Amino acid sequence: MCGIVGYVGSREATEVLIEGLRRLEYRGYDSAGVAVLNGSGVQVRKAVGRLSALEDELRTNPAKGGVGIGHTRWATHGVPNLVNSHPHVSYDGKLSIIHNGIIENYRELKNELLEQGVQFKSDTDTEVVAHLLAKNYDGDLLATVHKVLKRLRGAYAIAVCHSDEPNRIIATRVGSPLVIGVGEGENFLASDVPALLKYTRKVIFLAEGCLAEVTREGVRLFNTEMQPIEATVTETDLTLDAAEKEGYEHFMLKEVHEQPHALSETIRGRIEGERIDLSELGLTADMLHGVNRIAILACGTSLYSGMVGKYLLERFTRIPTETWSASEFRYADPVIDPGMLVVAVSQSGETADTLEALRIVKAGGARTIAVCNVMGSSIPRHCDATLYTRAGPEIGVASTKAYTTQLAGFVLLAVGIGRLLNRVSDVEEARIVQGLRELPAQVKSLLDEDIVAVKRCAKRYKDVFNFMYIGRHFNYPTAMEGALKLKEISYIHAEGYAGGEMKHGPLALVEGTFPTIAIAPQGKTREKLISNVQEIKARKGVVVMVSTHGDEEARELADYLIEIPACEEELSPILAVVPLQLLAYYTATQLGRDVDKPRNLAKSVTVE
Ligand code: G6P
């Protein structure tokens with residue numbers, strides 16, 4: 001986790017670093033810090049908590065200079081406090097380092113340094129690297145970093161500067177993201193592109209294991225053998241606007257409202273007439289030959305889209321499919337063989353557990369497809385094919401548009417694979433394609449209409465301690481995702497349950513003030529879920545129903561009714577989750593929660 005940023009040029013480095021860190025706060029916000037060089041030493045400023053605390057610190061205690069590195073932390077080794085904040089400085093006070101990732105062998109290295117008499121200030125793995133670099137420093141920071149890298153195990157993106165070489169920053173990455181921004185007479189580095197957009201659109205994605213020397217004059221890249229390599233500079237089409245709130249109070253709300261557009265983007269170019277066209281993925285019947293089972297691997301919200309994905313893939317391909325939490329899969333001694341097709345789902349493409357699970361299945365000879373939102377991120381780079389969801393940057397920690405676009409991605413994938421295998425009829429395909437075409441406008445109408453009902457509901461129940469969400473089949477994962485949204489941002493306990501399981505335990509919780517959100521759009525299991533709702537009503541439970549427009553039975557039963565447009569059953573999770581996102585959002589805002597940055601969480605979990 002963590003976000004890193006670096007600058008070399010003629011501006012005040014702290015201005016650029018703070019701007020960059022602001023865009024990276026989604027990666028962690030336990031503490032923030034900068035180190036700035038001005039030709040006569042290194043000035044380090046740190047503060048615990050949000051970036052604003054660091055800005056306050058810099059106002060009282062400015063750090064002037066045109067070369068600097070900055071960091072926003074999500075604690076992994078050591079509690080979030082000032083000494084554990086980055087940048088870390090070597091024992092001789094000359095070298096400073098920022099780091100995103102984990103040095104797995106830090107204990108061994110630390111013991112070695114302790115034996116040599118080095119004293120440690122923090123509990124972090126990063127400080128070990130600072131001292132190790134200082135011990136090995138021979139007047140050339142680039143060569144020193146290259147030498148020391150060989151001793152590090154783990155995943156990391158690091159940037160280092162040294163007060164004896166005040167005109168350059170050395171950076172490298174293994175398993176954690178790092179992008180270099182190319183300017184005129186100034187250059188940048190960061191964990192992610194939005195941190196650079198105010199200054200440049202020209203970026204270089206640093207390849208795994210390579211080193212970069214960033215100076216005012218330019219950027220030099222080296223491979224693992226220290227041979228110079230050509231930099232591929234690309235022009236990003238991301239805009240700063242896309243990374244801003246555009247008038248919404250929170251990124252999450254903006255991202256919820258972006259869903260109609262995001263869904264159009266996911267579908268764009270992938271439906272043609274009455275057909276699904278996945279040729280961009282290079283998927284062929286040949287490539288799928290011999291696939292006898294599918295495993296979906298993901299974490300968090302992506303895991304729930306994977307649960308819907310299982311139902312979709314089984315329905316349209318008839319290939320047995322299972323969905324795994326990547327963190328469980330890794331240690332479950334899974335059976336892997338070349339007949340296995342793996343779908344790795346990830347908004348960020350950087351989630352460590354998913355990435356590791358992917359490495360395991362690849363080693364076992366499985367074929368791999370990514371469903372991912374971030375172009376060029378690690379998970380797609382490790383897969384044979386990728387379906388990019390094209391939702392645009394998602395900043396709010398609670399995932400919304402990434403989720404619904406993943407669901408649309410699974411619809412495309414399931415029907416597309418089904419057709420390649422001749423298991424989907426033309427009529428069936430045309431039915432889904434038509435449904436997909438209508439989807440963006442339906443989500444738009446839902447956002448326009450239902451906000452009032454959802455707001456009323458949020459106001460009424462914001463002070464309860466527990467919520468139950470129930471659904472069945474395609475909308476069982478919707479119940480889990482709805483509950484997760486509420487937990488994440490309002491801190492109210494919520495559980496997502498399969499409707500049919502209520503009578504096997506949770507029904508005991510139901511009494512007059514206990515609210516259940518029942519997701520019962522039209523489809524095969526609607527009637528069954530209505531029966532489950534009746535069981536709850538019979539016990540005087542309160543029920544908020546999410547059902548299809550015009551469902552009179554739902555209207556009669558519900559204490560609160562949230563209606564979604566009529567749609568194909570397979571697409572209903574995409575529509576049904578939208579009011580649940582809003583319910584969580586309005587509950588959280590009424591409780592005064594920090595919606596975009598809920599406590600203890602981070603957007604991109606690059607640690608195991
Ligand atoms: C974190 C985020 C979640 C996300 C999960 C998986 O927990 O807060 O919103 O669903 O990671 O992330 P990924 O990028 O792999 O989808």
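Throughout, residue positions are numbered sequentially from 1 according to the sequence presented. Quantities reported herein were computed from a predicted structural model and do not represent experimental measurements. Note that ligands are numbered from 1 as they come in the structure, with each ligand's atoms numbered from 1 the same way.
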Inset, instruction - Please report the closest heavy-atom contact between Gly409 and Thr266, naming both atoms and the distance. - result: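 Shortest heavy-atom contact: N-CG2, 4.1 Å.
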
Non-hydrogen atoms of [X] versus ligand 1: any pair closer than 4.0 Å?
X: Thr354; answer: no
X: Ala402; answer: no
X: Val605; answer: yes

Inset, instruction - Count the heavy atoms of every other residue, nucleotide or ligand shown that sit under 6.0 Å from NE2 of His382, and state whether that count exceeds 12. - result: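 Yes, enclosed.
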
Under 4.0 Å from a heavy atom of [X]: which atoms of ligand 1 are those, numbered in the order shown and with their elements?
X: Ser399; result: 9 (O)
X: Ser302; result: 10 (O), 13 (P), 16 (O)
X: Val397; result: 8 (O), 9 (O)
X: Gln347; result: 13 (P), 14 (O), 15 (O), 16 (O)

Legend entry - Note, Phe410 side chain near Ile296 side chain (heavy atom, < 4.5 Å):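 Yes - at least one pair of side-chain heavy atoms lies under 4.5 Å apart.
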
Legend entry - Close side-chain approach of Tyr469 and Leu484, heavy atoms under 4.5 Å: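 Not in contact.
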
Looking at [X] and [Y], does any basic side-chain N land under 4.0 Å from a carboxylate oxygen?
X: Arg23; Y: Asp192; answer: no
X: Lys603; Y: Glu255; answer: no
X: Lys401; Y: Glu265; answer: no

Legend entry - Distance-only polar pair, side chains of Gln347 and Ser302, donor-acceptor under 3.5 Å: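 Ser302 and Gln347 do not have a side-chain donor-acceptor pair below 3.5 Å.
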
Legend entry - Proximal candidate to atom 6 (C) of ligand 1 [heavy atom criterion; set Gly306, Cys372, Cys299]: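 The residue whose heavy atom sits nearest atom 6 (C) of ligand 1 is Cys299.
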
Closest protein heavy atom (residue, atom, distance) for [atom]:
atom: atom 2 (C) of ligand 1; value: Lys603 O, 3.4 Å
atom: atom 8 (O) of ligand 1; value: Ala602 O, 3.0 Å
atom: atom 4 (C) of ligand 1; value: Thr301 N, 4.2 Å
atom: atom 12 (O) of ligand 1; value: Thr351 OG1, 3.2 Å

Legend entry - Ala398 contact mode with ligand 1 (heavy-atom cut-off under 4.0 Å):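 Ala398 to ligand 1: no contact under 4.0 Å from either part.
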
Inset, instruction - Mind running side chain to side chain contact (heavy atoms under 4.5 Å, CB included) on His250 and Thr589 for me, showing each step along the way? - result: CA-CA 10 Å; His250 297 99; Thr589 48; 3.7 Å; yes

